[in-house]
Amino acid sequence: MKLISWNVNGIRACVNKGFMDTFNTLDADILAIQESKMQKDQLILETPGYHQYWNYAKKKGYSGTAVFTKKEPLGVTYGMGIEEHDQEGRLITLDMGDYYFVCVYVPNSQNELKRLDYRMKWEDDFRKYLNDLKAEKPVIICGDLNVAHEDIDLKNPSANHRNAGFTDEERGKLTELLESGFTDSFRKLYPDMTDIYSWWSYRFNARERNAGWRIDYFLVSDDIKDKISEAGIHTDIYGSDHCPVELDIDL
């Protein structure tokens with residue numbers, strides 16, 4: 001089973017940069033996107049053979065997620081059932097029968113860490129939500145987690161230590177999530193691989209210099225970690241400031 005996750009940084013802009021060609025070439029069983037930045041009916045995507053599920057932020061042009069799946073899920077849940085967290089279209093959960101598939105766009109802590117306190121609350125509630133799912137059956141989580149976990153996951157760790165996405169607090173919350181029973185699929189297969197990232201700033205020719213961050217992930221509950229067959233990062237695919245990440249798993 002081939003799964004893809006991609007922060008498209010505005011699906012309407014990404015469509016103008018070849019999104020559908022990439023979508024068709026990747027031919028995933030499930031493809032999830034984050035940061036769609038659109039409202040209902042602003043864009044109609046024709047994806048024959050796929051079911052589409054969208055979660056829109058109440059604020060226009062902001063956040064948002066979507067999932068395209070060949071197999072119809074048994075059920076779909078939008079958000080985590082907490083009003084404080086469910087205004088920005090950040091979460092979609094598909095009940096795929098044998099497992100849950102979760103697409104998430106984790107809040108950014110923002111400049112001067114203005115939203116770090118809220119981010120910490122989100123992280124705790126999201127971890128509980130995922131562990132409640134995991135108590136029922138295996139879970140696959142994908143998306144932009146807005147954190148580089150270890151020094152190896154960004155180009156300039158020392159210079160970014162207290163910047164959003166690489167604070168001790170954010171990294172610690174990802175550690176807590178993993179220790180609660182989840183596995184980072186990429187690091188399971190490639191524990192020491194360096195200089196491979198999924199996001200680059202649009203400034204300072206960062207992508208050309210490969211001065212990036214790995215902040216897009218596939219996590220799986222530990223009960224299925226041995227079923228991972230491949231985990232990839234498609235650094236050759238453009239159209240956004242992020243590139244797609246992939247999980248191949250035999251379920």
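The figures that follow rest on heavy atoms only: side chains count, while hydrogens, waters and symmetry mates do not. Predicted, not measured: the structure shown is a model, and the values here were computed from it.
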**Fill in**
Taking every heavy atom of V147 against every heavy atom of R119, the minimum-distance pair comes out as CB-NH2, 3.7 Å

**Prompt:** Does the distance from a Lys or Arg side-chain N to an Asp or Glu carboxylate O, for K188 and D222, drop under 4.0 Å?
**Reply:** no

**Prompt:** Side-chain heavy atoms under 4.5 angstrom apart, residues restricted to Ile, Leu, Val, Met, Phe, Trp, Tyr: same cluster for F126 and L133?
**Reply:** yes

**Request:** For the pair K128 and D124, find out whether any cationic side-chain nitrogen is under 4.0 Å from an anionic carboxylate oxygen.
**Result:** no

**Asked** Under 4.0 Å between a Lys/Arg side-chain N and an Asp/Glu carboxylate O for D184 and R214?
**Response** yes

Can you give each donor-acceptor pair under 3.5 Å made by side-chain atoms of residues 17-26, sequence neighbours left out, with the distance rounded to 0.1 Å?
{"unit_1": "T22", "atom_1": "OG1", "unit_2": "G18", "atom_2": "O", "d": "3.4"}
{"unit_1": "N24", "atom_1": "ND2", "unit_2": "M20", "atom_2": "O", "d": "3.0"}
{"unit_1": "T25", "atom_1": "OG1", "unit_2": "D21", "atom_2": "O", "d": "2.8"}

**Asked** Any ion pair linking D223 and K137 (charged N to carboxylate O, less than 4.0 Å)?
**Response** no

**Item:** Over-ring placement of K134 relative to F182, 6.0 Å and 45° cut-offs
**Value:** yes

**Message:** According to salt bridge (Lys or Arg N to Asp or Glu O under 4.0 Å), does anything in residues 43-56 pair up with another residue at least two apart or in another chain? List the pairs.
**Reply:** none

**Prompt:** Taking the six-membered ring for Trp, is the centroid-to-centroid distance between Y118 and H85 below 6.0 Å?
**Reply:** yes

**Asked** Within the side chain of Q42, is there an N or O that forms a donor-acceptor pair under 3.5 Å with the backbone of Q39?
**Response** yes

**Message:** For K59, is there an ion pair with E88 - N to carboxylate O distance below 4.0 angstrom?
**Reply:** no

**Aromatic Y217 / basic R187 pairing, under 6.0 angstrom, 45° off normal** = no

**Request:** For the residue pair E35 and Y62, confirm or rule out a side-chain donor-acceptor distance under 3.5 Å.
**Result:** no

**Message:** Closer than 4.0 angstrom, basic N to acidic O: yes or no for D27 and K70?
**Reply:** yes

**Asked** Is it true that E169 and K173 make a salt bridge, defined as a side-chain N closer than 4.0 Å to a carboxylate O?
**Response** no

**Prompt:** Between N210 and D195, is there a donor-acceptor pair closer than 3.5 Å when you use the side chain of the first and the backbone of the second?
**Reply:** yes

**Item:** R12 side chain vs V15 backbone, donor-acceptor pair below 3.5 Å
**Value:** no

